[in-house]
J.: 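Take a look at this one; I'll ask things after.
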Amino acid sequence: MKAIIAEKPSVAREIAILLGATEKRDGYLAGNGYQVTWALGHLVVLAMPEDYGVSGFQREALPILPDPFILTVRKVKKDKSYIPDSGALKQLKVIEKVIGSCDSIIVATDAGREGELIFRYIYEYLKCRKPFERLWISSLTEKAIKQGFENLKAGSDFDGLYRAGQGRSRADWIVGINASQALSISAGRGVYSLGRVQTPTLALICKRYLENRDFIVKKYFQIQLEHRKEFVDFKSLSKTKWDHRKLADDTLKPIPRAGMATVTAVESKTVTEQPPLLFDLTGLQKEANKRAFYTAEETLNIAQSLYEKKFITYPRTGSKYIPEDIWFEIPALVRSLEARVSCKKAVGKVKWGRFNKRIVNDVKVTDHHGLLTTEKIPSELSAHENVIYDMIAHRLLEALSPACTKEITDIELQASHYDFTLKGCNIIEVGWRGIKEKFIDEDSDPVQELPELKVGDKLKIKEASVLEKKTKPPVLYTEADLLSAMENAGKEIDNEDERKALKDIGIGTPATRAAIIETLFKRDYIRREKKSLIPTDKGLQVYGAVKNKNIVDVAMTAEWEMALQKIENNEADADAFHRDMEAYATSITRELLETGISKEKQLELTCPKCTNHQLLVWNKVVKCPDEACGWLQFRTVCGVQLSLADIESLVLKGKTHLIKGMKSKSGNKFDAHIIMDDTGKISFEFEKRKPKRK
């Protein structure tokens, strides 16, 4: 009898059906010599400080460096303490029973670092010693699962992967627990959370926000000329930028009188744009955020759902390439997409027999290859699933298409002794851009269609005007921008040797970046303002306290990610990495215990309900300390964070200023005053609409 442990019930069912294990039992499926069960994610985790006898936040107990680490069943919060998750306990007993009645184990958790860790922690916690093999697949199609079972791998082949997962898990515990407790102790009020990847990511958002907020906008002026030749209208812009309008106006005066501009230089170059590679998870998340405003977590959840329904390959991939042996399956995948209405037109544009093989690279395939569709074509999907599926399908078709060839022309003109420039673009070979008929990138410099121009040509000036422009601050991060910044963190490092070493490392991994961003939301460190990510007051407080500390050093965090990759590939020592983490945690704990944290101005407000106690003002709530009274007001109302001024106005005057951009349960935005009655209950007051003028 063989035991099979999957990561989720849906995956276990697919495997069980294929193996003929169709007999339903409590928590597992059985039959044909197999018992198939599942893990429900991380059932076993690293124990918390109280499990080592350290309760509360104690200065003298830091740093906490477990030796050995204790594993425990996943816990959930109840009241003010944590208790074992009853569902996790139940499923763990099922797994123990299944393993106990079998001779060997087949590991079928997700084929990646976290999937390996999920199984190994269970295996270690149960003190199991039975032999195990690994099912390593990138797709849940029947064909892929069959091939996986025909090519089961030795469990020991993945010891490096486990050591990397364990190293990541322990490093996050050591740094996160010690740094968070140290900062909370030094602050003297409130609980603050820091993390190995979480804090550098927060620093990226805060730094960009402060640069944007403190940017001094300056006006400048340029002259624009409008021309027409061979029935084509086009514009040119002065090379000179003037700081004062009067200087630009004075320069403009003689230009219309001259009436003509002379072409002084023409430079054309042919540019070849290679097609994009396949999506990895981060690439898909960035594109989905740009095009459909999905969060990274939403995109991952949708992609995971498509994977479990067998429509796409494994989504938690960090590669944009496929191995040589997958290349022979690509024509069948493309043909199958003809059956999908939203893809049929695009498939018709693919040049059969001339597929671009740029996506094939055995060396650059990591645990999993780039995202592909499968031969199973969906007929009914949710609206969100349709969006993500079509993104993956169209990207595959683009990747297989030839390069796009453009002729880019830079023109220089002269009018009244002043130089003007313009840029033109002519598509020679549409290539991959014809798949979605998107010929220029939205974020690239604007180009225009130009007539044929040569040096010495005289162009009539139809109109000349002064344009008022403004310098632009660094743009606030959207989620797509933040994912790029995390992915490319190594490229921002000043030291050239370090930059080369960390070029493709970044911070976090494709599988974890969405969770890191969501953690910042849960900690009340950041919020969304339209598409942008904005730090909260609390987030800025934390950044202010740690911005000069090693814990926000992107280079160091990227180095850790590189070390974990080397451990995964059996090229580095996991014990050495752990010792480095302990030394770092000791150092950062000492630093943070000596750090102060700026506090919000403390409001002295009397409870509006009982009128006997001073309110406690926290980051998420304002409450009366008297439990018998129980008055409480959340600081986030319909998606908008109430400022201290709003709270003060609400309690003292019974009404806030007009708060804009709140969201109803149905998702509709509205503006209103929040008002409070004598008993402390709140409601909304909408502004009366002004009558329209006749």
Side-chain angles (χ1 to χ4, degrees), residues 1-44 88 91-126 128-162 164-165 303-317 366-369 374 376 511:
M1 184 76 74
K2 288 182 181 288
I4 298 176
I5 302 176
E7 194 164 317
K8 301 175 186 71
S10 58
V11 177
R13 282 193 293 271
E14 294 293 343
I15 292 171
I17 290 168
L18 191 65
L19 296 176
T22 54
E23 188 181 333
K24 290 183 180 179
R25 305 278 179 88
D26 187 12
Y28 67 103
L29 297 149
N32 203 25
Y34 295 98
Q35 291 186 5
V36 187
T37 187
W38 49 88
L40 296 173
H42 284 275
L43 293 180
V44 174
Q91 192 59 25
L92 201 57
K93 286 178 181 174
V94 170
I95 293 172
E96 187 174 22
K97 175 186 171 185
V98 166
I99 289 175
S101 62
C102 293
D103 305 315
S104 64
I105 304 165
I106 296 172
V107 184
T109 50
D110 285 355
R113 191 186 287 174
E114 291 307 301
E116 190 68 21
L117 189 66
I118 284 170
F119 166 72
R120 296 288 189 114
Y121 272 180
I122 291 171
Y123 188 81
E124 190 177 326
Y125 179 80
L126 295 177
C128 184
R129 295 293 177 268
K130 293 193 176 179
F132 61 90
E133 296 174 287
R134 192 62 160 98
L135 175 70
W136 193 264
I137 55 176
S138 288
S139 170
L140 286 176
T141 60
E142 185 175 319
K143 179 181 175 184
I145 295 171
K146 276 183 178 177
Q147 286 178 344
F149 273 99
E150 287 167 5
N151 296 281
L152 290 172
K153 300 179 185 297
S156 57
D157 288 354
F158 301 91
D159 286 349
L161 188 67
Y162 167 53
Q304 185 69 25
S305 172
L306 289 169
Y307 168 67
E308 290 176 19
K309 292 174 181 176
K310 306 185 193 179
F311 296 133
I312 66 169
T313 57
Y314 189 63
R316 288 177 167 86
T317 176
T366 52
D367 296 340
H368 297 280
H369 55 67
T374 67
K376 183 180 178 183

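Computed from a prediction, not measured in an experiment: that's the story for all the values here. Values reported hereafter were calculated over all heavy atoms of this structure, with side chains retained and with hydrogens, waters and symmetry mates removed.
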J.: Please evaluate residues Gln147 and Ile137 with respect to the criterion side-chain contact (heavy atoms from CB on, under 4.5 Å), reporting the C-alpha separation (whole Å), side-chain torsions for both, the decisive distance (0.1 Å), and the verdict.
T.: CA-CA 8 Å; Gln147 286 178 344; Ile137 55 176; over 6 Å; no

J.: Would you please name every residue forming a side-chain contact (heavy atoms from CB on, under 4.5 Å) with Lys24, sequence neighbours left out?
T.: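 side-chain contact (heavy atoms from CB on, under 4.5 Å) list for Lys24, sorted by chain: Leu29.
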
J.: Considering only NZ, NE, NH1 and NH2 on the basic side and carboxylate oxygens on the acidic side, decide whether Lys146 and Glu142 come within less than 4.0 Å.
T.: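 Salt bridge present between Lys146 and Glu142.
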
J.: Does the side chain of Val36 come within less than 4.5 Å of Tyr28's, by heavy atoms?
T.: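 Not touching, per the 4.5 Å side-chain cut-off.
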
J.: Work out which heavy atom in Lys130 is nearest to a heavy atom in Ser101; give both atom names and the distance.
T.: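 Between these two residues, the closest heavy atoms are NZ-N, 4.4 Å.
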
J.: In terms of heavy-atom contacts, does NZ of Lys97 have more than 12 from other residues, nucleotides or ligands at under 6.0 Å?
T.: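 At most 12 heavy atoms, drawn from other residues, nucleotides or ligands, come within 6.0 Å of this atom.
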
J.: Can you find a pair of side-chain heavy atoms, one from Ile106 and one from Ile15, that are under 4.5 Å apart?
T.: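 Result no, sub-4.5 Å side-chain heavy-atom pair not found.
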
J.: Between atom CG of Leu306 and atom CD1 of Ile312, what is the distance when rounded to the nearest 0.5 Å?
T.: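 Nearest 0.5 Å value for the CG-CD1 distance: 5.0 Å.
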
J.: Give the minimum heavy-atom separation between Ala303 and Pro315, together with the two atoms involved.
T.: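 Scanning both residues, the minimum pair turns out to be CB-CB, 3.7 Å.
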
J.: Applying ring-ring contact (aromatic ring centres under 6.0 Å, His included), can you list everything that pairs with Phe132, at least two apart in sequence or on another chain?
T.: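 Phe119, Tyr123.
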
J.: For Glu14, enumerate each residue passing the side-chain contact (heavy atoms from CB on, under 4.5 Å) test, keeping only those at least two apart in sequence or located in another chain.
T.: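 Residues passing side-chain contact (heavy atoms from CB on, under 4.5 Å) with Glu14: Ile145, Lys310.
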
J.: Checking side-chain contact (heavy atoms from CB on, under 4.5 Å) for the pair Ile118/Glu7: CA distance, chi angles, key distance, verdict?
T.: CA-CA 8 Å; Ile118 284 170; Glu7 194 164 317; 3.5 Å; yes

J.: Side-chain contact, heavy-atom cut-off 4.5 Å: Ser10 with Leu140?
T.: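 Not touching, per the 4.5 Å side-chain cut-off.
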
J.: Would you say that Arg134 contacts Asp157 through its side chain, given a criterion of any heavy-atom pair below 4.5 Å between the two side chains?
T.: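 No - every pair of side-chain heavy atoms lies 4.5 Å or more apart.
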
J.: Would you give the length of the straight line joining atom CG of Leu43 to atom CD1 of Ile122, rounded to the nearest 0.5 angstrom?
T.: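 Separation between the atoms: 4.5 Å.
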
J.: If only atom types and distance count, is the side chain of Glu23 paired as donor or acceptor with the main-chain N or O of Gly31 below 3.5 Å?
T.: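 Flag not set: sc Glu23 to bb Gly31 has no pair under 3.5 Å.
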
J.: Donor-acceptor pair, Ser138 side chain versus Tyr314 backbone, under 3.5 Å?
T.: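 No, because the side chain of Ser138 does not come within donor-acceptor range (under 3.5 Å) of the backbone of Tyr314.
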
J.: Ignoring hydrogens and angles, tell me if any N or O in the side chain of Thr109 forms a donor-acceptor pair with the backbone of Gly115 under 3.5 Å.
T.: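 Yes, the answer is positive, given that a donor and an acceptor are paired below the 3.5 Å cut-off.
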
J.: Between Leu161 and Gly112, which heavy-atom pair has the shortest distance, and what is it?
T.: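 What the structure gives for the nearest pair is CD2-O, 3.6 Å.
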
J.: Measure the shortest side-chain to side-chain distance between Thr37 and Ile4 over non-hydrogen atoms and say whether it is less than 4.5 angstrom.
T.: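 Heavy-atom side-chain distance check fails, nothing below 4.5 Å.
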
J.: Using a 3.5 Å distance criterion without hydrogens, assess whether the side chain of Gln91 forms a donor-acceptor pair with backbone atoms of Gly27.
T.: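 Looks like yes, one N/O pair under 3.5 Å.
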
J.: Dump the intermediate steps for side-chain contact (heavy atoms from CB on, under 4.5 Å) on Ile5 and Ile99, then the final yes or no.
T.: CA-CA 9 Å; Ile5 302 176; Ile99 289 175; 3.8 Å; yes

J.: State whether the number of non-hydrogen atoms from other residues, nucleotides or ligands found under 6.0 Å of Asn151 atom CG is greater than 12.
T.: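 Yes, enclosed.
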
J.: Is the closest side-chain heavy-atom distance between Arg316 and Tyr307 below 4.5 Å?
T.: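 They are not in contact (no side-chain heavy atoms under 4.5 Å apart), so the answer is no.
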
J.: Minimum heavy-atom separation for Thr313 and Ser139, please, with both atom names.
T.: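 Minimum heavy-atom separation between Thr313 and Ser139: CG2-CB, 4.1 Å.
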
J.: Taking the side chain as C-beta and beyond, is there a heavy-atom pair between Phe158 and Val107 under 4.5 Å?
T.: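 A side-chain contact under 4.5 Å is absent here.
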
J.: At what distance, to the nearest 0.5 angstrom, does OG of Ser104 lie from NZ of Lys2?
T.: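 One finds 3.5 Å between OG of Ser104 and NZ of Lys2.
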
J.: Say whether, by atom type as modelled, one donor and one acceptor occur between the side chain of Lys153 and the main chain of Trp136 under 3.5 angstrom.
T.: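 Side chain of Lys153 to backbone of Trp136, a donor-acceptor pair under 3.5 Å: no, none is there.
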
J.: How close do Ile95 and Ala39 get, counting heavy atoms only, and between which atoms?
T.: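 What the structure gives for the nearest pair is CD1-CA, 4.1 Å.
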
J.: At their closest point, which heavy atom of Leu117 faces which heavy atom of Tyr162, and how far apart are they?
T.: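 Shortest heavy-atom contact: CD1-CE1, 3.9 Å.
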
J.: Going through the distances and angles, do Lys8 and Trp38 end up as a side-chain contact (heavy atoms from CB on, under 4.5 Å)?
T.: CA-CA 5 Å; Lys8 301 175 186 71; Trp38 49 88; 5.8 Å; no

J.: Quick check against the 3.5 Å criterion: does Asp103 have a side-chain atom that pairs as donor or acceptor with the backbone of Met1?
T.: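 Confirmed, Asp103 side chain pairs with Met1 backbone.
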
